[in-house]
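Below you'll find the structure, written out as structure tokens, and then a few comments.
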Amino acid sequence: MDPAQWIDVVEDKFKYQLEHFVIPDHYEKDVESILIPHGLIMDRIAKLAQIITSEYDDERVVVCCVLKGGHQFFSDLVRYMKKALNRQGRTLPMTLDFIRVKSYENDKSSGQVHISMTEKELHELKGKNLLLVEDIIDTGNTMKKLLETLSQYDVKSVKVASLLLKKTPLSCGYVPDYVGFAVPDLFVVGYCLDFNDIFRDLDHICAISETGKTKYSV
């Protein structure tokens, strides 16, 4: 995807005050600001679904959710993809799958990538078109390692759709095929993006506060 097709979230322009939106009481002191309101997230996902579906033919696609953070984006994206048309102007056959990948503790990458799929499940991907649905690409190291693993199992094609791409100097240079928003180098939470499994119940995408980091660190 051409970077011109992303929505570039610039912090001083996309910094909505908490009092302008509905925030759960239990998080009022735990986030600094709203970067992407829920309504904007949904409109962007609808557009992504159209773009992604239009680039596939009639072959079935395995849409694979990268858990846990990706599940809300995955659910909404699939819902819109069901209504979108492929390159032939027809609806796209899809199979849904799930993979759990973990690399974070607190707000730091552990450097280790743990993949939940068994060897048997990985071999079953042979010859299939795979669309990985991820919540955020941070340094890119986690996804790069996942793709390296999948390349050993003769998958026909692999594309990656990520709701967010973080603009960080720590990036390894990996850029997914489809991007919803490019976000500042902040630790963001909400819309099922978590901090140690907290904030998944927050609808908007927000910047976590120092209070939030301290409260929910392990």
### Message
Taking the side chain as everything from C-beta on, heavy atoms only, tell me whether D57 gets closer than 4.5 Å to L92.
### Response
no
### Message
Please determine whether residues I136 and V10 belong to a single hydrophobic cluster, defined as Ile, Leu, Val, Met, Phe, Trp and Tyr linked transitively by side-chain heavy-atom distances below 4.5 Å.
### Response
no
#### Entry: Closest heavy-atom pair and its distance - K215, H26
NZ-O, 4.4 Å
### Message
Once rounded to the nearest 0.5 Å, what's the spacing between atom CD of Q88 and atom OH of Y56?
### Response
13.5 Å
### Message
Is there a salt bridge (charged side-chain N to carboxylate O under 4.0 Å, His left out) between E124 and K120? Walk through the geometry before answering.
### Response
CA-CA 6 Å; E124 289 173 352; K120 179 178 180 294; 2.6 Å; yes
### Summary
Between the CD1 atom in I52 and the OH atom in Y178, the distance rounded to the nearest 0.5 Å is 6.0 Å
### Query
Can you tell me if D154 uses its side chain to pair, donor with acceptor, with the backbone of G127 under 3.5 Å?
no
### Task
Provide the closest heavy-atom pair for I34 versus P37 in the form atom of the first, atom of the second, distance.
CG2-N, 3.9 Å
### Task
Report the C-alpha distance between L202 and V31 in whole Å, list the side-chain angles of each, state the deciding distance to 0.1 Å, and finish with yes or no for side chain to side chain contact (heavy atoms under 4.5 Å, CB included).
CA-CA 10 Å; L202 179 60; V31 294; 4.2 Å; yes
### Query
Can you check whether P93's main-chain N or O pairs, donor with acceptor, with R60's side chain at less than 3.5 Å?
no
### Test item: L130 and C64 side chains (from C-beta on) under 4.5 Å apart, heavy atoms
yes
### Query
Are the side chain of H38 and the backbone N or O of H204 linked by a donor-acceptor pair below 3.5 Å?
no
### Query
Taking the side chain from D177 and the backbone from V160, do they hold a donor-acceptor pair closer than 3.5 Å?
yes
### side chain to side chain contact (heavy atoms under 4.5 Å, CB included) between V188 and L164, worked out
CA-CA 10 Å; V188 294; L164 306 179; 3.9 Å; yes
### Close side-chain approach of Y80 to M42, heavy-atom, < 4.5 Å
yes
### Task
Please report the C-alpha distance between T142 and K145 in whole Å, then the side-chain angles of each, then the deciding distance to 0.1 Å, and finally whether the side chain to side chain contact (heavy atoms under 4.5 Å, CB included) criterion is met.
CA-CA 5 Å; T142 301; K145 290 178 182 178; over 6 Å; no
### Intermediate values then yes/no, side chain to side chain contact (heavy atoms under 4.5 Å, CB included), L147 and L132
CA-CA 10 Å; L147 292 173; L132 295 172; 3.9 Å; yes
### Task
Starting at CG of L165, measure out to CE of M143 and round the result to the nearest 0.5 Å.
11.5 Å
### Contact check, side chains of I198 and Y27, non-hydrogen atoms, under 4.5 Å
yes
### Task
Say whether, by atom type as modelled, one donor and one acceptor occur between the side chain of N86 and the main chain of G89 under 3.5 angstrom.
yes
### Summary
Exactly one of D138, D8, D185 clears salt bridge (charged side-chain N to carboxylate O under 4.0 Å, His left out) with K167, and that residue is D8
#### Entry: Rounded distance [0.5 Å steps], CG in D201 versus CD in Q72
11.0 Å
### Query
Yes or no on side chain to side chain donor-acceptor pair (under 3.5 Å) for Y153 and E121, after CA distance, side-chain angles and deciding distance?
CA-CA 10 Å; Y153 294 91; E121 289 170 330; over 6 Å; no
### Message
For the backbone of Q50 and the side chain of T53, can you confirm whether one donor and one acceptor N or O come within less than 3.5 Å of each other?
### Response
no
### Query
Hey, any chance Y174 and L170 share a hydrophobic cluster, counting ILVMFWY side chains that come within less than 4.5 Å of each other, even indirectly?
no
### Task
Test ring pair (Phe, Tyr, Trp, His ring centres under 6.0 Å) on F199 and Y191 and set out the steps.
CA-CA 8 Å; F199 297 104; Y191 191 70; over 10 Å; no
### Query
Are I51 and L85 co-members of a hydrophobic cluster defined by side-chain heavy atoms under 4.5 Å apart?
no
### Query
Short question: side chain of S209, backbone of K29 - any donor-acceptor pair under 3.5 Å?
yes
### Query
What's the shortest heavy-atom distance between R200 and C192, and which atoms?
NH1-O, 2.9 Å
### Message
Are more than 12 heavy atoms, taken from residues, nucleotides or ligands other than K159, located less than 6.0 Å from that residue's NZ atom?
### Response
yes
### Message
I need the minimum non-hydrogen distance between D97 and M117, along with the two atoms involved.
### Response
OD2-CE, 3.7 Å
### Query
Yes or no on side chain to side chain donor-acceptor pair (under 3.5 Å) for D30 and T211, after CA distance, side-chain angles and deciding distance?
CA-CA 6 Å; D30 302 328; T211 298; 5.9 Å; no
### Task
List the atom of V155, the atom of L150, and the distance in Å for their closest heavy-atom pair.
CG2-O, 3.8 Å
### Message
If I take atom CZ from residue F195 and atom OG from residue S217, how far apart are they, to the nearest 0.5 angstrom?
### Response
4.0 Å
### Query
Are V9 and P184 close enough that some pair of their side-chain heavy atoms sits under 4.5 Å apart?
yes
### Message
Taking L67's backbone N and O only, do any of them form a donor-acceptor pair with R100's side chain (distance below 3.5 Å, no angle check)?
### Response
no
### Query
Can you check whether V133 reaches V63 side chain to side chain, under 4.5 Å on heavy atoms?
yes
### Query
Is D135 reaching over with its side chain to a backbone N or O of L193, donor-acceptor style, under 3.5 angstrom?
no
### Query
Checking side chain to side chain contact (heavy atoms under 4.5 Å, CB included) against F181, which of L40, L35, I205 comes through?
L40
### Task
May I ask you to decide whether E59 forms a salt bridge with K156, counting only side-chain N to carboxylate O separations under 4.0 Å?
yes
### Message
Is there a side-chain contact between N129 and M94 in this structure, where contact means two heavy atoms from C-beta onward sitting under 4.5 Å apart?
### Response
no
### From D76 atom CG to H71 atom NE2, the distance as rounded to the nearest 0.5 Å
9.0 Å
### Query
If you look at every heavy atom in C172 and G140, which pair is closest and at what distance?
SG-C, 3.7 Å
